[in-house]
Amino acid sequence: MIKILHNNSCSKSRGILEYLDENSVPFEIIDIINQPLSEMELRTVLKKLHCPVKDLVRTNEKLYQEQFRDKNLSDDDLIQMLLQNPELIQRPIIIKGSVAMIGRPIENVKFFIEK
C-alpha cells in the first residue's frame, strides 16, 4: 500500500490525494502536522528518498526565513528542526515499499505509482 506524508494545508498534497482517490489507488494518509514523525521515521523517510536532509526543507516558508535561514545547521540540526516544525517538511511525500519521492510534479507521481 502507498503511504502519503500529508499536510492538509498544502494544495499539492490535497491534489495527490484526489488523484489517488479518482484512480482507485489504495493509500494510507500520514498527517505529518497532527501526527508528527518520530526521529526514526524521519530518518527512514530520508533513506527511502535517497536525498540529503537539506532537500527536504521548505526554505521558502516564512518560519524558515525568519528563524533558520542565517544559521549554519548540521544535518542533525536540520532533522531536529523538521521534527519540531513539521510544516517545513516538503510535501507530499509518497512512500511505496522501500522507495519514496516528493510528490511533485503530478506526472512524476503517476509514473512512480504505476511502476
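Nothing here was measured: the structure is a model prediction, and the numbers come from that model.
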*Between Phe27 and Asp21, what is the shortest heavy-atom contact and its length?*
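Scanning both residues completely, I find the closest heavy atoms to be CE2-N, 3.9 Å.
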*Determine, using the 4.5 Å side-chain heavy-atom cutoff (strictly less than), whether Val53 and Ile95 are members of one ILVMFWY cluster.*
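Linked within one cluster.
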_Distance (rounded to the nearest 0.5 Å) between Ile106 CD1 and Glu18 CD_ =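 Taking CD1 in Ile106 and CD in Glu18, the distance rounds to 9.5 Å.
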*Are the side chain of Asp55 and the backbone N or O of Cys51 linked by a donor-acceptor pair below 3.5 Å?*
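No, Asp55 side chain to Cys51 backbone: no donor-acceptor pair under 3.5 Å.
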_Check: Arg69 side chain, Asn60 main-chain N or O, donor-acceptor pair, under 3.5 Å_ =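 No.
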*Is there side-chain contact between Leu17 and His6, with at least one heavy-atom pair below 4.5 Å?*
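Contact flag for Leu17/His6 side chains = yes.
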*Atom CD of Glu61 and atom CD of Gln90: how far apart are they, to the nearest 0.5 Å?*
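Taking CD in Glu61 and CD in Gln90, the distance rounds to 8.5 Å.
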*Leu46-Ile4 co-clustered via ILVMFWY side chain contacts under 4.5 Å*: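 No; Ile4 is not reachable from Leu46 via cluster members.
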*asked:* Could you measure the distance from the CD1 atom of Ile89 to the CG atom of Leu83? Nearest 0.5 Å is fine.
replied: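 It is 7.0 Å, given to the nearest 0.5 Å.
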*Quick one: do Ile29 and Val25 end up in the same hydrophobic cluster if we chain Ile, Leu, Val, Met, Phe, Trp and Tyr together by side-chain heavy atoms under 4.5 Å apart?*
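The answer is yes; both residues are in one hydrophobic cluster.
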*Rounded distance (nearest 0.5 Å) linking atom CD1 of Ile79 with atom OG of Ser74*: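 Reported to 0.5 Å precision, the distance equals 8.5 Å.
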*Donor-acceptor pair, Asn85 side chain versus Met81 backbone, under 3.5 Å?*
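The answer is yes, because a donor-acceptor pair under 3.5 Å joins these two groups.
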*In Å and rounded to the nearest 0.5 Å, what is the CD1 to CG distance from Ile93 to Leu56?*
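Separation between the atoms: 4.5 Å.
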*Decide yes or no on salt bridge (Lys or Arg N to Asp or Glu O under 4.0 Å) for Lys110 and Glu107, but give the supporting numbers first.*
CA-CA 5 Å; Lys110 292 175 185 177; Glu107 293 76 22; 5.4 Å; no
_So which atom in Glu28 and which in Met1 form the shortest heavy-atom distance, rounded to 0.1 Å?_
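What the structure gives for the nearest pair is N-SD, 3.7 Å.
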*Would you say Arg58 and Glu87 make side-chain contact, with heavy atoms under 4.5 Å?*
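They are not in side-chain contact.
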*Please check if any side-chain donor atom of Asn7 sits under 3.5 Å from a side-chain acceptor atom of Ser9, or the reverse.*
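The answer is yes; a qualifying pair exists.
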*Output yes when a side-chain donor or acceptor of Glu41 lies under 3.5 Å from a complementary backbone atom of Ser38, and no otherwise.*
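Yes, the answer is positive, given that a donor and an acceptor are paired below the 3.5 Å cut-off.
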*Are Ile113 and Ile2 close enough that some pair of their side-chain heavy atoms sits under 4.5 Å apart?*
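Heavy-atom side-chain distance check passes, below 4.5 Å.
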*Hey, is NZ on Lys96 packed in by over 12 heavy atoms from elsewhere, all under 6.0 Å?*
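Yes, enclosed.
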*Check for a donor-acceptor pair, side chain of Asp31 on one end and backbone N or O of Ile33 on the other, with a separation under 3.5 Å.*
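Side chain of Asp31 to backbone of Ile33, a donor-acceptor pair under 3.5 Å: yes, one is there.
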_Beyond-backbone contact of Asp77 with Phe68, side-chain heavy atoms, under 4.5 angstrom_ =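 No - every pair of side-chain heavy atoms lies 4.5 Å or more apart.
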*Do Leu42 and Tyr64 sit in the same hydrophobic cluster, where Ile, Leu, Val, Met, Phe, Trp and Tyr count as joined when their side-chain heavy atoms come under 4.5 Å apart?*
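Leu42 clusters together with Tyr64.
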*Look only at the side chain of Lys48 and the backbone of Gly97, and say whether a donor-acceptor pair between them is shorter than 3.5 Å.*
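Present.
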*Shared ILVMFWY cluster between Leu49 and Phe112, side chains joined below 4.5 angstrom?*
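No, Leu49 does not connect to Phe112 through the hydrophobic network.
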*What is the distance from atom CZ of Arg91 to atom CZ of Arg104, rounded to the nearest 0.5 Å?*
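Answer for the CZ-CZ pair, Arg91 versus Arg104, is 8.5 Å.
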*Please confirm whether the backbone N or O of Ile94 pairs with a side-chain atom of Lys3, one donor and one acceptor, at under 3.5 Å?*
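No: the side chain of Lys3 does not pair with the backbone of Ile94.
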